[in-house]
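Shown next, in structure tokens, is the structure this report addresses.
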Amino acid sequence: MRRQWIGGNWKMHGSRSMASALAGAVAEARFGDVDVALFPPFPYLREACAACAGSAVAVGGQDVSEHESGAYTGEVSAAMLRDIGCTVALAGHSERRQYHHETDAMVAVKVAQALANDLTPVLCVGETLEERDGGRMAEVVLRQLGAVVAHCGIAAFERIVVAYEPVWAIGTGRTASPAQAQEVHALLRSQLARDNARIAGSIRIVYGGSVKPGNAAELFAQPDIDGGLIGGAALQATDFLSICAAAG
Ligand code: PGA
């Protein structure tokens, strides 16, 4: 049995006081068999790290630079995240791919940067509605996954969490059905199994896209869904904690 994983991606929401209060409420909660991580906006990482210090809740960046250091205005390196107490980082969220033109190759380098700095990368993959309707879902998610396997090697997946987030389900209220999500999770796992069956069997593949307290349990009950990456419902402690309870 894989231990489930739940991440709360706050995106560009909140304030300093909200970050302390929300991270504090999550840090104080008692969880079952589930790993929990929070991804606040960069300016509030310190508040969240302070609130979660001494708890089992991990804190991480919503993005990480593909560069180690240098003249990259606006970027935040993996070493900086690690330095302030982060232990995880998202890489390749669809909003980064879409609005910041992150390519598969860039995402692979971000994953490598995270790993090199002892951060657990959460590799996000997922197809758009147009790609799904055009029958290209498998091609797209396997291409996104394959770029990271090619750059980092299969052994790196020992330390990676994969998040399947269909773009058409993010923030839209339109969740993938448990069967639709399960199909993609099984596809991703079987692709990894071609390279290493043991790693494929132990890696956490989590689902993201309009997960709410009301649909979480059914999604997490699928055999290849090992938790979730939560956006909107991560902004309220009660909703987020009830999703964590559905996983644990
Ligand atoms: P959502 O976002 O839960 O608001 O759909 C998920 C995500 O983008 O990680």
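Whatever order the structure lists ligands and atoms in, that order sets their numbers, starting from 1.
Looking only at distances, a side-chain donor or acceptor of Arg189 sits under 3.5 Å from a matching main-chain atom of Ala200. At distances below 3.5 Å, not a single donor-acceptor pair connects side-chain atoms of Arg82 with backbone N or O atoms of Thr87.
The shortest separation from a heavy atom of Lys212 to ligand 1 is not under 4.0 Å, leaving the residue out of contact. Heavy-atom distances between Gly208 and ligand 1 stay at or above 4.0 Å for every pair. The shortest heavy-atom distance from Ala233 to ligand 1 is not under 4.0 Å.
Close contacts between ligand 1 and Gly171 involve ligand atoms 1 (P), 4 (O), 5 (O) [criterion: under 4.0 Å to a heavy atom]. The distance from ligand 1 to the heavy atoms of Ala169 drops below 4.0 Å at these ligand atoms: 5 (O). Near Gly209, meaning under 4.0 Å from one of its heavy atoms, ligand 1 places the atoms 5 (O). Within ligand 1, counting atoms from 1 as listed, the ones closer than 4.0 Å to a heavy atom of Asn9 are 9 (O). Within the listing of ligand 1, atoms 7 (C), 8 (O), 9 (O) sit less than 4.0 angstrom from a heavy atom of His93.
Contacts between Ile170 and ligand 1 below 4.0 angstrom, taking non-hydrogen atoms only, involve backbone and side chain alike.
Counting protein heavy atoms only, atom 7 (C) of ligand 1 is closest to Glu165 OE2, 3.1 Å. Annotation: atom 4 (O) of ligand 1 to nearest protein heavy atom, Gly232 N, 2.8 Å. Of the protein's heavy atoms, Gly231 N, 2.9 Å lies nearest to atom 3 (O) of ligand 1.
Between Arg97 and Glu102 no salt bridge is recorded (no basic side-chain N to carboxylate O distance below 4.0 Å). Checked for salt-bridge contact, Asp63 and Lys110 meet the test: a charged N lies under 4.0 Å from a carboxylate O.
To the nearest 0.5 Å, atom OG1 of residue Thr128 and atom CE of residue Met137 are 12.0 Å apart.
Linking ILVMFWY residues whenever their side-chain heavy atoms come closer than 4.5 Å, directly or via other members, places Val162 and Tyr164 in the same cluster. Residues Leu38 and Leu119 are members of separate hydrophobic clusters, defined by side-chain heavy-atom contacts under 4.5 angstrom among Ile, Leu, Val, Met, Phe, Trp and Tyr. At a threshold of 4.5 Å between side-chain heavy atoms, the hydrophobic network of Ile, Leu, Val, Met, Phe, Trp and Tyr places Val107 and Val125 in one connected group.
Any N or O atom pair closer than 3.5 Å counts here, and Thr172 shares no such pair with ligand 1.
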Exercise for the section: Please step through salt bridge (Lys or Arg N to Asp or Glu O under 4.0 Å) for the pair Asp226 and Arg3, ending with a clear verdict. Expected result: CA-CA 7 Å; Asp226 308 311; Arg3 191 177 161 86; over 6 Å; no
